[in-house]
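Accompanying notes for the structure given below.
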2 protein chains.
Amino acid sequence: MSDPQVIDLEALRRRCSQCSLQQLCLPAGVSAQDLDQLDSMVRRRKTVGAAERLFRAGDNFAAVYVAREGAFKTVCISSEGEEQIVGFHIPGEIIGLDAMGEGRHRCEAIALTKANVCEVPFAQLTEIAARVPGLQRQLLRVIGKDINRAHEHTSNLAARRGAHERLALFLHGLLQRYRLVNGKASSTFKLPMSREDIARYLGMANETVSRAFARLQTDRVIVIAGRRVDVLDEDLLTQAAHPVDEIDRATPRTAS
Amino acid sequence: MSDPQVIDLEALRRRCSQCSLQQLCLPAGVSAQDLDQLDSMVRRRKTVGAAERLFRAGDNFAAVYVAREGAFKTVCISSEGEEQIVGFHIPGEIIGLDAMGEGRHRCEAIALTKANVCEVPFAQLTEIAARVPGLQRQLLRVIGKDINRAHEHTSNLAARRGAHERLALFLHGLLQRYRLVNGKASSTFKLPMSREDIARYLGMANETVSRAFARLQTDRVIVIAGRRVDVLDEDLLTQAAHPVDEIDRATPRTAS
DNA sequence: CGGAGACTTGAAAGCCTTCAAGACGTGTGG
DNA sequence: CCACACGTCTTGAAGGCTTTCAAGTCTCCG
């Protein structure tokens, strides 16, 4: 660890230009020289332990974070103190946009595992974004993707479907997101969150999550062992997520 | 309508600087002279009839819209063709951010009533925002508020509550939003959307929405007559939305 | 090795959904 | 101006899925 060469590699890896997440993150589409500006601003490589918080509800909006390793959950505390999980964040995804509206955080971000993040001071980010068109575009794109993920989750919750269908859709989405990071077509991954977290995210009881996992397994869609998920058949997973509406195909009436 | 004086008034009202929604919209916090730039860009006062669309899923991302009068719903069509309502939009609220991520719309925006909107070409908006710091800040703030509304909705869906509690929370939120527009503390408003729309927004059957309305009425929380809502007691509405957890207050144990 | 938390599984109860029919309300045409 | 028709909304009853309570197993960490 104290080998100077290792340290150099570390230093190199810290740079946005060397980051494996570059294409998912703010640098995408930013020219090499502009990247230096972004680079110099990022307070990089903040490491947090499991269950640590990046920020709390009510905190001033100082920075956004991008997960580099590990995973996070975003928890909104309602006026009555009940906690709702509104999002999970894996490497390459942005955290902290909930503060853009009011200038102060409305949720808190909690590490699900040991993790590290890039901390990006928001004032500086927007200032540079104003001067670097590519960065401004990319910032808005990253925000847009965050909105899209939120919409997908909302759709999953509002669609009146069974528990195992919701879980299937959740797992399907997670698989796609992990593939963006890994770059390969792996069909196995480890859940960073507990059943309880999944339950509060999907709006059901944790016992129901367990039963839904069990059902997906007996249906030969996945193999589940603790937090290890192995997707046996991705098409089956997609089908499990979107039950075919018998009625649509059972009506052989031609357009009259 | 053809009276020249009326036309002048119309022309004046079109200006951002004269718009009653100024404080809710992009101009907030932008200096008077910078406002002219924003003003000149906005293709103002596009009028649409009920059930008309501002854009469809798959459309290129050309512009964002701000509702001026009337109301809209944003509908996401899943791969299987089932439609989920992910948002409602009343005057002062922005529409179309779902396209920021991919450069093309993933939802469609449908007018619930006769309505009119300000159409703001997005490329020009960001270009001017890069030059006008106040506008950039406000743009991000408006986006942030949109994210916050989405989070609140997600929380409402994920919280495992009864149907009438969800509906109460929905009505409470709508009341607050209408107050921002009206400026006054009115406790009555007209729902722009059908029971069916509410049902698909809240993830329940439309019959359940009807029963939930009925229950809120028998509980003396609201009076509901068709689409007319009268909130009798706002505190009651809040309580109906967040059922008190008996356990918390029923445990008289002092901190041991 | 022990303990605490996470996870699973079973059984009864409750709430929502579904199917069905009727009431209401609005807009159109006579 | 009234009648009719259509869609929206309401209300009832049976059934299903999830929740809840409970007990037991597993797993990780000290």
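No experiment lies behind these values; they were computed from the predicted model shown. Letters A, B, ... mirror the listed sequences (proteins, then strands); counts begin at 1.
Residues forming a side-chain hydrogen bond (donor to acceptor under 3.5 Å, both in side chains) with A:Gln84 (at least two apart in sequence, or on another chain): none. Judged as a side chain to side chain contact (heavy atoms under 4.5 Å, CB included), and not counting sequence neighbours, the contacts of B:Arg227 are B:Lys190, B:Leu191, B:Ser194, B:Arg195. In this structure, A:Phe72 has no ring-ring contact (aromatic ring centres under 6.0 Å, His included) partners at least two apart in sequence or on a different chain. Judged as a side chain to side chain contact (heavy atoms under 4.5 Å, CB included), and not counting sequence neighbours, B:Ser20 has no contacts. Annotation: side-chain hydrogen bond (donor to acceptor under 3.5 Å, both in side chains) contacts of B:Arg53 (sequence neighbours excluded): B:Glu108. Scanning for side-chain hydrogen bond (donor to acceptor under 3.5 Å, both in side chains) contacts around B:Asn116 gives B:Arg68, B:Glu69, with sequence neighbours left out.
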Just by protein heavy atoms under 4.0 Å, how would nucleotides 24-30 of chain D read 5' to 3' in B, S and -?
-> -------
Summarise protein proximity over nucleotides 14-22 of chain D in one line of letters, 5' to 3': B for base, S for sugar-phosphate only, - for none, counting protein heavy atoms closer than 4.0 Å.
-> ----SBBBB
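Scanning residues 188-200 of chain B for heavy-atom distances under 4.0 Å to DNA chain D yields B:Ser194, B:Arg195. Contacts of residues 215-229 of chain A with DNA chain D (heavy atom under 4.0 Å): none.
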List, one per line, each side-chain donor-acceptor pair under 3.5 Å for residues 205-217 of chain A, sequence neighbours excluded.
{"unit_1": "A:Asn206", "atom_1": "ND2", "unit_2": "A:Glu196", "atom_2": "OE1", "d": "3.1"}
{"unit_1": "A:Arg215", "atom_1": "NE", "unit_2": "A:Asp219", "atom_2": "OD2", "d": "3.4"}
{"unit_1": "A:Arg215", "atom_1": "NH1", "unit_2": "A:His164", "atom_2": "ND1", "d": "3.4"}
{"unit_1": "A:Gln217", "atom_1": "OE1", "unit_2": "A:Ile224", "atom_2": "N", "d": "3.0"}

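Annotation: salt bridge (Lys or Arg N to Asp or Glu O under 4.0 Å) contacts involving residues 161-183 of chain B, sequence neighbours excluded, comprise A:Glu82-B:Arg161, B:Glu93-B:Arg177, B:Arg179-B:Glu234.
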